[in-house]
Every structure is written in structure tokens, then in C-alpha cells.
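Data block below; observations after.
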Amino acid sequence: QVQLVESGGGLVQAGGSLRLSCAASERTFRTYILGWFRQAPGKEREFVAAISWSGGNTDYADSVKGRFTISRDNAKNTLYLQMSSLKPEDTAVYYCAARPVWVLIHDENVYDYWGQGTQVTVSS
């Protein structure tokens with residue numbers, strides 16, 4: 001069982017930056033594919049980014065490419081999402097998630113473990 005805990009959310013002005021973290025409880029964390037998803041009020045949860053167990057493969061939603069960077073530190077059992085050039089439309093609850101294989105990574109339904117989420121609010 002992998003427990004995930006997000007942190008780093010908050011209120012930021014448009015154009016600003018935030019770094020989200022996701023701490024995992026298990027050493028097996030390093031064998032999992034990790035993803036970030038977000039859910040804005042009144043909208044469905046959507047894929048943001050994913051990273052392979054080694055960090056060698058990453059993938060991003062078109063809406064965040066060039067602005068967000070996903071990374072991981074397996075020694076610290078921690079996943080990160082560096083967010084820059086934030087826009088009001090980035091406002092959402094951000095969740096980290098884990099699954100064992102690099103398949104259908106954009107599909108939230110295939111992820112096995114989820115964190116509780118952290119709120120990001122971008123003011124205009």
C-alpha cells in the first residue's frame with residue numbers, strides 16, 4: 001500500500017510560480033509511475049503530467065507544456081511539480097497518483113493510489 005501526501009499548494013498571482021511536493025510512504029515508490037492530476041471547480045479531474053520510475057520519461061498535458069516540470073527524487077520518496085507562469089485557469093486541486101506501469105498514463109482510472117490533494121489558486 002502506497003500512501004501519498006501532497007503539499008506546497010497556495011495562493012499565487014498570475015505569472016508566479018509554485019512547487020508542489022508529494023511524499024510517499026513506501027520504498028517501493030521508486031518502482032511506480034507517478035502522475036499529477038488536477039480538478040477545477042465544476043470540472044472533471046484531468047491529467048497534468050507523468051514521470052517514469054527512473055525519471056527518464058515524462059509526459060505533459062498540452063495546457064501545461066513549457067510551464068510545468070515534473071520530477072522525482074527516489075532517494076527521498078518524493079515527487080515534485082514545478083509550476084511557472086501560472087494562469088488563473090491553473091486554479092484547481094492538484095493530486096498525485098501512482099501506478100506500476102507506463103500505460104494509459106493520461107487515464108485517471110488506471111492509477112492505483114492517490115493523495116488527498118492540495119489547493120492551488122491563481123489570482124488574476
Side-chain angles (χ1 to χ4, degrees):
Q1 188 82 4
V2 177
Q3 293 183 333
L4 303 171
V5 179
E6 302 95 335
S7 62
L11 174 64
V12 63
Q13 289 188 334
S17 299
L18 276 177
R19 188 177 80 159
L20 305 183
S21 299
C22 174
S25 61
E26 289 285 331
R27 290 181 61 188
T28 51
F29 163 93
R30 65 194 64 187
T31 67
Y32 280 82
I33 307 304
L34 301 173
W36 286 101
F37 288 76
R38 66 186 182 185
Q39 187 168 22
K43 296 187 177 181
E44 295 186 350
R45 190 154 55 185
E46 64 177 1
F47 171 79
V48 175
I51 188 167
S52 62
W53 68 270
S54 68
N57 289 326
T58 58
D59 194 25
Y60 296 91
D62 288 342
S63 60
V64 306
K65 279 181 182 176
R67 300 188 299 122
F68 291 10
T69 302
I70 189 171
S71 62
R72 65 191 295 168
D73 184 339
N74 287 338
K76 296 181 178 179
N77 283 5
T78 304
L79 171 71
Y80 302 101
L81 184 69
Q82 178 67 48
M83 305 185 294
S84 302
S85 302
L86 283 161
K87 305 175 181 180
E89 51 263 45
D90 294 318
T91 295
V93 177
Y94 284 72
Y95 300 88
C96 62
R99 69 163 311 194
V101 295
W102 187 266
V103 176
L104 299 176
I105 57 172
H106 290 208
D107 185 350
E108 62 171 316
N109 296 308
V110 304
Y111 283 78
D112 301 308
Y113 304 104
W114 289 86
Q116 83 290 347
T118 186
Q119 176 71 48
V120 172
T121 303
V122 184
S123 63
S124 58

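Only heavy atoms go into these numbers, but all of them, side chains included; no hydrogens, no water, no symmetry mates.
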Can you measure from CG (Leu4) to OG (Ser25) and round to the nearest 0.5 angstrom?
7.0 Å
Are Leu34 and Cys96 close enough that some pair of their side-chain heavy atoms sits under 4.5 Å apart?
no
Closest heavy-atom pair and its distance - Gly9, Leu20
N-CD2, 3.6 Å
Taking atom CZ of Arg45 and atom CG of Asn109, what is their separation to the nearest 0.5 Å?
8.5 Å
Rounded to the nearest 0.5 Å, what's the gap from CG on Leu81 to OG1 on Thr69? Could you check?
8.0 Å
Check the hydrophobic clustering (I, L, V, M, F, W, Y; side-chain heavy atoms under 4.5 Å; chains of links allowed) and say if Val93 and Tyr113 are grouped together.
no
If you measure from the Lys or Arg side-chain nitrogens to the Asp or Glu carboxylate oxygens, is any gap between Lys87 and Asp90 under 4.0 Å?
no
Using a 4.5 Å cut-off on heavy atoms from C-beta on, say whether the side chain of Arg38 contacts that of Val64.
yes
Hey, could you give me each pair passing ring pair (Phe, Tyr, Trp, His ring centres under 6.0 Å) that has a residue in residues 47-105? Not counting sequence neighbours.
Phe37-Phe47, Phe47-His106
Closest non-hydrogen atom pair between Ala14 and Ser124, with its separation:
CB-CA, 4.3 Å
Looking at every non-hydrogen atom in both residues, tell me the closest pair between Glu6 and Gly117 and how far apart they are.
OE1-N, 2.8 Å
Here the pair of heavy atoms bringing Leu79 nearest to Gly35 is CD2-O, 4.0 Å
Linked, directly or transitively: Trp114 and Ile51 (ILVMFWY side chains, under 4.5 Å)
no
Crowded around Glu46 CD? As in, over 12 foreign heavy atoms under 6.0 Å?
yes
Within the 4.5 Å heavy-atom criterion, are Thr91 and Gln119 side-chain neighbours or not?
yes
In terms of heavy-atom contacts, Tyr111 and Ala97 come closest through CD2-CB, 3.4 Å
Check Ile105, Asn57, Asp59 against Ser52 for a side-chain contact (heavy atoms from CB on, under 4.5 Å) and give me the one that passes.
Asn57
When you compare the side chain of Arg67 with that of Met83, does any pair of heavy atoms fall below 4.5 Å?
no
Nearest-0.5 Å distance that lies between atom CD1 in Ile33 and atom CZ in Arg72
7.0 Å
Considering all heavy atoms, the nearest Leu104-Val110 contact
O-CG2, 3.4 Å
